[in-house]
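Nothing fancy with the numbering, it's 1 onward along the sequence. Note that ligands are numbered from 1 as they come in the structure, with each ligand's atoms numbered from 1 the same way.
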Amino acid sequence: MALTFDIIDHPTLASTNDEARRLAEEGGREGLVVRAARQTAGRGRQGRPWISEDGNLFLSILLRPEVPMAQVATLPFVAATALADTLAPRMADTAGLTLKWPNDVLVGGRKISGILLESGGSRLGLWVVVGIGVNIVSHPPETLHPATSLKAAGIEWSREALTDSYLRVFGNLYQTWLGHGFSPIRRAWLRRAAHLGKHITVARGEERLTGLFEDVDETGALHLRLGDGSETIITAGDVFLGE
Ligand code: BT5
């Protein structure tokens, strides 16, 4: 059965992911979407802040996928691919619309969106919250990786209309992922991958690894060919392009 979404709007939340997690623990149904006009303590991965400027999009989707836990780890690729597919028809030139491992959507090499996946279990089974922030009208000037916004890219889109388009595309890809696993999503993601076959640097904790970005495998891990010819498989880290 197709997934239907119910959007719960809040004027202000600390983090839409926190509210979606609370609903998940309470037994909230798959397809609930928490959206906030303002977010005061948006989070990224590893406790990093997500700078949440007013006018941008902050939402979290509650899911209850009945798939192996290993597959759940590939859900950020579904969320990122869905955003790229949502934005592509609005762009005159989609060459600059790329995906950066593991969860970034870039426009002109700059980060336009952030995706944060969190999961847990309660007596009601596994829940997953997919949080997504999209810079619609503004972006922070100084970030570790350069940022941009839809407005800066020449795209005018309201929060509401973007949400509706995104949820439609996400819902379809999510059904594909439930029915056929990560493979079709992986292929779609790789078609838009930034720097595939080129040199990248991956920061893994304190470690910096530079090599050829060869692949993202069926588990979602990144394959990096190092200078000595050996291959490293990376399951978590931050990618720096062209360094
Ligand atoms: C992410 O983390 O990119 C995930 C961000 C998820 C945000 C959404 S908003 C709705 C939901 N509720 C939440 O509380 N979170 C989710 P990561 O890959 O760790 O990237 C974080 C890094 O991106 C920061 O350390 C900054 O360098 C940079 N950054 C922060 N705010 C940004 C912004 N608005 N635009 C672009 N880059 C940003």
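Asp85 pairs in a salt bridge (Lys or Arg N to Asp or Glu O under 4.0 Å) with only one of the listed residues (Arg191, Arg90, Arg168, Arg192), which is Arg192.
Of all protein heavy atoms, the one lying nearest to atom 26 (C) of ligand 1 is Thr143 CG2, 3.9 Å. Trp50 CZ3, 3.4 Å is the protein heavy atom nearest to atom 38 (C) of ligand 1. Scanning all protein heavy atoms for the shortest distance to atom 36 (C) of ligand 1 gives Ala147 CB, 3.4 Å. From the protein, the heavy atom lying nearest to atom 18 (O) of ligand 1 is Arg45 NE, 3.0 Å. Closest to atom 9 (S) of ligand 1 among all protein heavy atoms lies Gln39 NE2, 3.5 Å. Scanning the protein for heavy atoms near atom 11 (C) of ligand 1, the closest one is Thr16 OG1, 3.2 Å. Scanning the protein heavy atoms around atom 27 (O) of ligand 1, the nearest turns out to be Leu144 N, 3.5 Å. Looking only at protein heavy atoms, the nearest one to atom 35 (N) of ligand 1 is Asn135 ND2, 2.8 Å.
Applying the salt bridge (Lys or Arg N to Asp or Glu O under 4.0 Å) test to Glu118 and every residue at least two apart in sequence or in another chain returns Arg21, Arg43.
Residues in residues 128-155 take part in these ring-ring contact (aromatic ring centres under 6.0 Å, His included) pairs, two or more places apart or across chains: His145-Phe240.
At a heavy-atom distance under 4.0 Å, only backbone atoms of Ile115 (N, CA, C or O) approach ligand 1. The proximity of Leu59 to ligand 1, defined as any non-hydrogen pair under 4.0 Å, is limited to the backbone. Looking at His139 against ligand 1, nothing comes within 4.0 Å, counting heavy atoms.
Annotation for ligand 1: atoms under 4.0 Å from non-hydrogen atoms of Gly133 are 8 (C), 9 (S). Taking every heavy atom of Pro140 and a limit of under 4.0 angstrom, the matching atoms of ligand 1 come to 32 (C), 33 (C), 34 (N), 35 (N). Each of the following atoms of ligand 1 lies closer than 4.0 Å to a heavy atom of Gly42: 14 (O). Ligand-side atoms of ligand 1 in range of Gly114: 1 (C), 3 (O), 4 (C), 5 (C), 6 (C), range being under 4.0 angstrom from any heavy atom.
Other residues, nucleotides and ligands place no more than 12 heavy atoms under 6.0 Å from the CD atom of Glu66. Within 6.0 Å of the CD atom in Glu26, the count of heavy atoms belonging to other residues, nucleotides or ligands exceeds 12.
When the heavy atoms of Lys111, Arg43, Arg48 are ranked by distance to atom 1 (C) of ligand 1, first place goes to Lys111. Proximity annotation for atom 24 (C) of ligand 1: of Gly44, Gly47, Pro49, Pro49 comes nearest, heavy atoms only.
Relative orientation of the Phe77 and Phe182 rings is tilted, given thresholds of 30° and 60° on the angle between their planes.
In this structure, Val134 and Leu162 have side chains that are in contact, with non-hydrogen atoms separated by less than 4.5 Å. For the pair Leu23 and Ile8, the minimum side-chain heavy-atom distance is below 4.5 Å.
Inclusion of Ile51 in the set of residues having an N or O under 3.5 Å from an N or O of ligand 1 is warranted.
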Under the salt bridge (charged side-chain N to carboxylate O under 4.0 Å, His left out) criterion, do Arg22 and Glu25 qualify, and how do the steps go? CA-CA 5 Å; Arg22 194 185 67 73; Glu25 292 288 349; over 6 Å; no
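Of the charged side-chain nitrogens involved, at least one lies within less than 4.0 Å of a carboxylate oxygen, so that Glu218 and Arg186 count as a salt-bridged pair. Ionic pairing of Arg45 and Asp104 is not present here: no N-O contact between side-chain nitrogen and carboxylate oxygen is shorter than 4.0 angstrom.
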